[in-house]
Colleague: 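Dropping the structure in here first, questions after.
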Amino acid sequence: MVLFFTLLALATLLSGLTYYFTGWWTSLWNLFIPLPLVIAYWFLLFALFLVYCYIASLFVDLKKSVKEPKAWGYFVIKNVLWIVLLFANVSVKIIGEEAIPKKRRYLFVSNHLSNFDHLVYFTHRKEMVVSLGKKEIESFFVAGKWMHKAGFIAIDRDDPIQGLRCILQCVDYIKKDQASIALAPEGTRSHDGQLHDFKPGSFKIALKSSCPIVVARISDTENIAHRAPWKRSKVVIKILAVLEAKDYDKLNSEALSDKVHALIQKDLEENPEVLLS
């Protein structure tokens with residue numbers, strides 16, 4: 001959002017300067033020129049910013065582990081994706097967000113419908129929230145490297161040792177008050193709208209950090225690709241529960257996984273996901 005309005009302010013300034021120094025203001029026939037100028041300048045500035053993002057991404061080494069989230073990297077990826085969602089005609093509503101911890105780091109756990117799931121969440125939150133996702137996210141053109149730079153964690157499901165390091169990295173983020181973590185325990189997208197089995201290992205993040213667990217159900221992200229940009233996608237993120245450490249400290253990762261799974265499954269049974277063909 002900040003990037004969008006910063007570019008808009010610059011585009012308005014450039015439009016005004018162009019309008020004045022070209023002498024267009026002297027004729028009433030040119031009264032409406034500033035508006036298309038603002039739009040043109042905005043897209044030009046955004047294009048230049050994307051060129052900068054591409055050039056900067058060439059210097060990001062994916063093999064170099066990130067010790068902590070980087071503020072500039074996070075600002076860039078969050079704001080560019082916010083603009084992408086805007087032009088994709090996506091609205092986001094978070095129901096029950098007053099329950100989300102405001103001054104503490106937490107683990108955000110949800111169902112998994114598309115690659116947009118956690119993007120729509122963290123782009124609409126003020127606090128820093130990075131996701132733990134599959135290794136393939138780093139292959140996204142330009143965005144993958146900026147996610148890496150921002151501190152997003154990519155886990156290789158075929159490498160248990162690397163997977164353990166990722167879990168410990170997430171714990172470190174939370175304990176050091178650097179960022180909250182978002183993840184989808186299903187591990188892969190649901191193509192039928194149903195909730196599938198969870199991978200309990202991801203819940204070790206909460207057990208080792210004793211952080212709150214924000215349990216959420218995400219709806220309609222799987223339909224964005226079918227609708228964008230002509231039809232509006234109304235994504236709803238419903239906060240189902242916030243589990244404090246005292247609510248799960250006597251559970252192991254399997255039992256905690258089952259507890260969270262049941263919360264999301266209950267909401268899905270009451271309000272089934274509607275998929276577009």
Side-chain angles (χ1 to χ4, degrees), residues 66 69 74 77-78 81 94 100-101 104-125 127-138 140 144 147-148 150-160 162-176 178-190 195-219 221-222 235 237-243 245 248 251-265 267-268:
V66 179
Y74 189 80
I77 197 67
K78 177 178 179 178
L81 289 174
I94 303 178
I100 300 173
R104 294 180 294 161
R105 301 300 181 182
Y106 56 86
L107 180 66
F108 178 86
V109 179
S110 71
N111 55 321
H112 192 16
L113 296 172
S114 82
N115 289 328
F116 288 101
D117 291 342
H118 294 150
L119 302 185
V120 298
Y121 179 72
F122 86 82
T123 53
H124 289 77
R125 295 297 302 169
E127 71 272 18
M128 185 176 284
V129 182
V130 301
S131 67
L132 171 66
K134 56 187 179 181
K135 193 72 175 175
E136 288 78 2
I137 65 172
E138 292 185 339
F140 293 167
M147 286 182 174
H148 179 80
F152 285 64
I153 301 172
I155 188 169
D156 186 348
R157 289 173 290 186
D158 297 323
D159 186 344
Q162 190 267 355
L164 177 60
R165 284 201 295 266
C166 288
I167 295 295
L168 294 176
Q169 180 79 68
C170 291
V171 173
D172 207 39
Y173 277 6
I174 293 173
K175 282 190 170 182
K176 290 183 177 179
Q178 294 172 335
S180 294
I181 303 295
L183 60 84
E186 289 170 275
T188 188
R189 285 171 290 170
S190 171
L195 189 66
H196 298 283
D197 292 339
F198 281 2
K199 292 178 171 55
S202 57
F203 287 91
K204 291 179 180 177
I205 297 171
L207 293 171
K208 290 181 178 295
S209 63
S210 298
C211 68
I213 302 175
V214 176
V215 184
R217 186 263 178 98
I218 297 177
S219 303
T221 53
E222 77 283 6
V235 174
I237 302 172
K238 185 178 181 181
I239 308 302
L240 303 175
V242 177
L243 305 178
Y248 63 80
L251 303 178
N252 58 25
S253 57
E254 289 79 9
L256 179 55
S257 173
D258 291 341
K259 183 182 180 73
V260 173
H261 188 282
L263 289 169
I264 302 176
Q265 181 63 43
D267 193 76
L268 273 166

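Keep in mind that the numbers below use all heavy atoms, side chains included, and drop hydrogens, waters and symmetry copies.
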Colleague: Which atom pair, heavy atoms only, marks the closest approach of Ser202 to Ile167?
Modeller: CA-CD1, 4.1 Å
Colleague: Would you say that Leu168 contacts Lys208 through its side chain, given a criterion of any heavy-atom pair below 4.5 Å between the two side chains?
Modeller: yes
Colleague: I'd like to check Ile181 versus Val130 (side-chain heavy atoms, cut-off strictly below 4.5 Å). Are they in contact?
Modeller: yes
Colleague: Please name the pair of heavy atoms, one in Gln169 and one in Val66, separated by the smallest distance, quoted to 0.1 Å.
Modeller: OE1-O, 3.3 Å
Colleague: For Val214 versus Pro101, what's the shortest heavy-atom pair and its separation?
Modeller: CG2-CD, 3.8 Å
Colleague: Taking the side chain as C-beta and beyond, is there a heavy-atom pair between Ile239 and Phe108 under 4.5 Å?
Modeller: yes
Colleague: Any side-chain donor-acceptor pair under 3.5 Å between Ser110 and His118?
Modeller: yes
Colleague: Closest heavy-atom contact between Ile218 and Asn111?
Modeller: N-OD1, 2.7 Å
Colleague: Can you find a heavy atom in the side chain of Arg105 that is under 4.5 Å from one in the side chain of Cys211?
Modeller: no
Colleague: Is the side chain of Lys204 donor-acceptor paired with the backbone N or O of Val171 at a distance under 3.5 Å, no angle test?
Modeller: no
Colleague: Using every non-hydrogen atom in the two residues, find where Val109 and Ile264 come nearest and quote the distance to one decimal.
Modeller: O-CD1, 4.4 Å
Colleague: CG/Leu263 to CG/Leu268 distance, rounded to the nearest 0.5 angstrom?
Modeller: 11.5 Å
Colleague: Atom CD1 in Ile100, atom OH in Tyr121: separation rounded to 0.5 Å?
Modeller: 3.5 Å
Colleague: Atom OH in Tyr173, atom CD1 in Ile153: separation rounded to 0.5 Å?
Modeller: 4.5 Å
Colleague: Is there a side-chain contact (heavy atoms from CB on, under 4.5 Å) between Phe116 and Val235? Walk through the geometry before answering.
Modeller: CA-CA 10 Å; Phe116 288 101; Val235 174; over 6 Å; no
Colleague: Answer whether the closest heavy-atom distance between the side chains of Pro185 and Val260 falls below 4.5 Å.
Modeller: no
Colleague: Report the residues that fulfil side-chain hydrogen bond (donor to acceptor under 3.5 Å, both in side chains) with His112, sequence neighbours left out, ordered by chain and then residue number.
Modeller: Asp117
Colleague: Given 3.5 Å as the limit, does a donor-acceptor pair link the side chain of Tyr248 with the main chain of Ala206, or not?
Modeller: yes
Colleague: So Tyr106 and Val242, do their side chains get closer than 4.5 Å, heavy atoms only?
Modeller: no
Colleague: Going from NZ on Lys78 to CE on Met147, what distance comes out if it is rounded to the nearest 0.5 angstrom?
Modeller: 13.5 Å
Colleague: Could you grab the distance from atom OG of Ser180 to atom CD1 of Ile174, nearest 0.5 Å is fine?
Modeller: 6.5 Å
Colleague: Looking at every non-hydrogen atom in both residues, tell me the closest pair between Ser114 and Arg189 and how far apart they are.
Modeller: CA-CD, 3.5 Å
Colleague: Look at the side chain of Glu222 and the backbone N and O of Leu113, then say whether any donor-acceptor pair between them is shorter than 3.5 Å.
Modeller: no
Colleague: Are any of the side-chain heavy atoms of His124 and Ile237 separated by less than 4.5 Å?
Modeller: no
Colleague: Check for a donor-acceptor pair, side chain of Gln162 on one end and backbone N or O of Ala154 on the other, with a separation under 3.5 Å.
Modeller: yes
Colleague: Rounded at 0.5 Å granularity, tell me how far SG in Cys166 sits from CG in Leu183.
Modeller: 11.5 Å
Colleague: Would you indicate whether Lys134, at its atom NZ, is surrounded by more than 12 heavy atoms from other residues, nucleotides or ligands within a distance under 6.0 Å?
Modeller: yes
Colleague: In terms of relative ring orientation, are Tyr74 and Phe122 parallel, tilted or perpendicular, with 30° and 60° separating the classes?
Modeller: tilted
Colleague: Look only at the side chain of His261 and the backbone of Ser257, and say whether a donor-acceptor pair between them is shorter than 3.5 Å.
Modeller: no
Colleague: Can you find a heavy atom in the side chain of Lys135 that is under 4.5 Å from one in the side chain of Asp159?
Modeller: no
